[in-house]
Protein chains: 2
Amino acid sequence: MNHDDEKPDRRKRRTRALLRQALMALIVEKGFDAISVQDITDRADVSRATFYLHYADKEELLTRSMREVYDELVETAEKQLDDEVFAAALLHGDHSTFYDATDFQHVVEHEEFYRVLLSEKGVAAFTVMVRDYLAKLVQEQVCLPVSAGGTAARLPPEMVAHAVAGAEIGVISWWLNQGRHHTPEDMAKMFYQLNAFGFWWAMGLDIPAPTANPDPGAPG
Amino acid sequence: MNHDDEKPDRRKRRTRALLRQALMALIVEKGFDAISVQDITDRADVSRATFYLHYADKEELLTRSMREVYDELVETAEKQLDDEVFAAALLHGDHSTFYDATDFQHVVEHEEFYRVLLSEKGVAAFTVMVRDYLAKLVQEQVCLPVSAGGTAARLPPEMVAHAVAGAEIGVISWWLNQGRHHTPEDMAKMFYQLNAFGFWWAMGLDIPAPTANPDPGAPG
DNA sequence: ACGATAATGGACAGTGTGTAGATTATCTCT
DNA sequence: AGAGATAATCTACACACTGTCCATTATCGT
């Protein structure tokens with residue numbers, strides 16, 4: 001009846017860590033699909049039977065690993081954001097609150113993991129899971145408070161949230177593949193500025209005058 | 001020595017179409033990894049031996065299908081963009097040129113394909129391939145011309161390009177999963193506006209004043 | 001209608017899968 | 001340090017999937 005709530009036996013921890021490392025290395029080399037359980041246990045130097053003592057199949061190994069990193073991201077993000085501070089910041093136009101580097105920090109702490117799983121050899125489920133979560137975060141933490149302030153959105157908030165989330169994934173991928181030439185703080189600031197001031201500003205041009213334009217969306 | 005340049009036999013076309021359809025349907029149901037060649041041929045109602053007459057393995061079936069859609073996207077995009085028209089538009093501040101719905105149009109024409117392959121059950125390689133291409137497009141067609149005009153970018157153009165590309169993927173996924181409640185033209189316009197005027201504008205607020213801020217990037 | 005080409009059915013060895021039981025090695029706890 | 005618990009290993013097994021082959025049948029283009 002031990003639900004693994006307690007910290008597991010050292011042997012268990014060791015074996016699981018070895019298996020996860022092996023999986024990551026192999027994903028880089030061949031991509032997830034091409035990997036056999038044999039490959040993983042060979043690489044981890046662990047008996048194949050042992051693998052099945054821990055996981056039903058290689059999908060479960062992957063999924064469990066993903067979940068751990070994901071859960072940590074969620075926990076990190078929830079801890080950081082404080083609705084009241086946030087709402088106040090909005091009202092007073094103090095946007096520096098949004099230079100929030102927690103996400104990028106978290107990525108650095110799991111750099112290898114993100115680099116592999118977000119890559120072309122990676123796993124679509126991971127990308128989508130993270131992107132959807134980020135979108136939800138943006139929507140709940142930014143879009144909703146703004147709307148609650150009585151402001152009418154000019155574009156569908158859901159779309160905006162998914163755009164921002166997608167952009168963050170794109171930026172993170174670029175960042176990790178460039179060898180991380182920027183600090184998480186730099187990234188957070190640049191990412192905020194791009195979102196806030198727009199593309200043309202980022203490229204050094206004047207901010208264009210928005211054409212008077214009501215929300216073309218939200219039909220049905 | 002027939003290089004398949006010529007239109008293949010009707011039987012070939014039929015079989016390949018059936019196999020591709022079957023693959024797509026099965027990806028939705030179980031995800032690519034869980035599919036066996038047997039599954040595909042059963043679903044397509046084709047002999048397993050026949051499969052191997054056309055493709056070495058299921059990866060090749062997927063890859064070839066992806067390439068076709070991707071190549072069509074590339075062809076479409078290249079045809080649309082005309083550097084000179086584009087540069088002129090930039091100089092004269094006529095941004096309506098950028099309400100370019102070709103991408104979104106192309107997605108509609110392969111709706112099922114995109115919905116499946118960009119989903120969590122989909123294929124990371126496809127997402128990354130498309131995203132990288134879009135980034136390259138933005139960089140070459142927009143960032144470069146702007147820089148050539150003598151303007152100094154405030155953020156690394158590569159980062160900006162990858163952000164825009166990521167955002168487009170995010171927006172497309174959202175669009176397809178919502179049941180496509182907007183026309184491609186709407187999408188193109190909204191997407192442009194979000195990029196140009198920024199997040200706060202989209203949410204109905206005033207555009208914030210950019211803090212005077214030189215490029216924090218491009219170290220090394 | 002004829003020659004060319006594709007599709008089929010069946011069989012093959014090879015590889016990976018997931019399970020089980022008996023045995024050995026290593027942990028935890030006192 | 002030693003006893004009892006638990007994990008890891010080894011071996012073997014039945015099963016599914018793979019990729020290839022060949023002889024035969026069906027369908028194509030002209």
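Just so we're on the same page: letters track the sequence lines, and every chain starts at 1. Computed from heavy atoms alone, side chains included, the values below leave out hydrogens, waters and symmetry copies.
Picking from C:dT8, D:dG19, D:dA8 the nucleotide with the shortest atom distance to the side chain of A:His54 gives D:dA8.
In the region residues 18-40 of chain A, proximity to DNA chain C at under 4.0 angstrom, judged on heavy atoms, holds for A:Ser36, A:Val37, A:Gln38.
Residues meeting the ring pair (Phe, Tyr, Trp, His ring centres under 6.0 Å) test with B:Phe32, sequence neighbours left out: none. Under the ring pair (Phe, Tyr, Trp, His ring centres under 6.0 Å) criterion, A:Tyr133 pairs with A:Tyr70, sequence neighbours left out.
A sub-4.0 Å separation between OP1 or OP2 of C:dA6 and a side-chain N or O of B:Thr50 is absent.
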Quiz item: Where along nucleotides 20-30 of chain D does protein come under 4.0 Å, by heavy atom, of base (B) or sugar-phosphate alone (S), with - for untouched nucleotides?
Solution: BB----BBSS-
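We find that CG of A:Asp42 is positioned 14 Å from P of C:dT15, with the value rounded to whole Å. Atom CZ in A:Arg14 sits roughly 10 Å away from atom C1' in D:dA8 (whole-Å rounding). Atom CG in A:Asp45 sits roughly 16 Å away from atom C1' in D:dA7 (whole-Å rounding). Summarising the geometry, the separation between CG on B:Leu53 and C1' on C:dT5 is reported as 10 Å, rounded to the nearest angstrom. Protein atom NZ of A:Lys58 is 14 Å distant from nucleotide atom C1' of C:dG18, rounded to whole Å.
Over its length, the helix from C:dA1-D:dT30 to C:dT30-D:dA1 turns its helix axis by 60°, as judged from the five terminal pairs at each end, rounded to 10°.
Rounded to the nearest 0.5 angstrom, A:Leu176 CG and A:Glu112 CD are separated by 9.5 Å.
At least one donor-acceptor pair under 3.5 Å links the side chain of A:Asp39 to the backbone N or O of A:Ser36. The backbone N or O of A:Asp33 lies less than 3.5 Å from a partner atom in the side chain of A:Lys58, making a donor-acceptor pair. The main-chain N or O of B:Ala22 is never found under 3.5 Å from a side-chain atom of B:Arg43 such that the two would form a donor-acceptor pair.
Relative orientation of the B:His106 and B:His110 rings is tilted, given thresholds of 30° and 60° on the angle between their planes.
Salt-bridge annotation for A:Arg64 and A:Glu68: absent, with no side-chain N of the basic residue lying under 4.0 Å from a carboxylate O of the acidic one.
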Practice problem: Begin with the C-alpha distance, continue with both residues' side-chain angles, and end with the deciding distance and a verdict on side chain to side chain contact (heavy atoms under 4.5 Å, CB included) for A:Met24 and A:Gln21. | Solution: CA-CA 5 Å; A:Met24 285 302 128; A:Gln21 286 167 231; 5.8 Å; no
Name the atoms and distances for all side-chain donor-acceptor pairs under 3.5 Å in residues 155-162 of chain A, with sequence neighbours left out.
from: A:Glu158; atom 1: OE1; to: B:Trp174; atom 2: NE1; distance (Å): 2.8
from: A:Glu158; atom 1: OE1; to: B:Gln178; atom 2: NE2; distance (Å): 3.4

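Counting heavy atoms of neighbouring residues, nucleotides and ligands inside a 6.0 Å radius, atom CG of A:Asp71 exceeds 12 of them.
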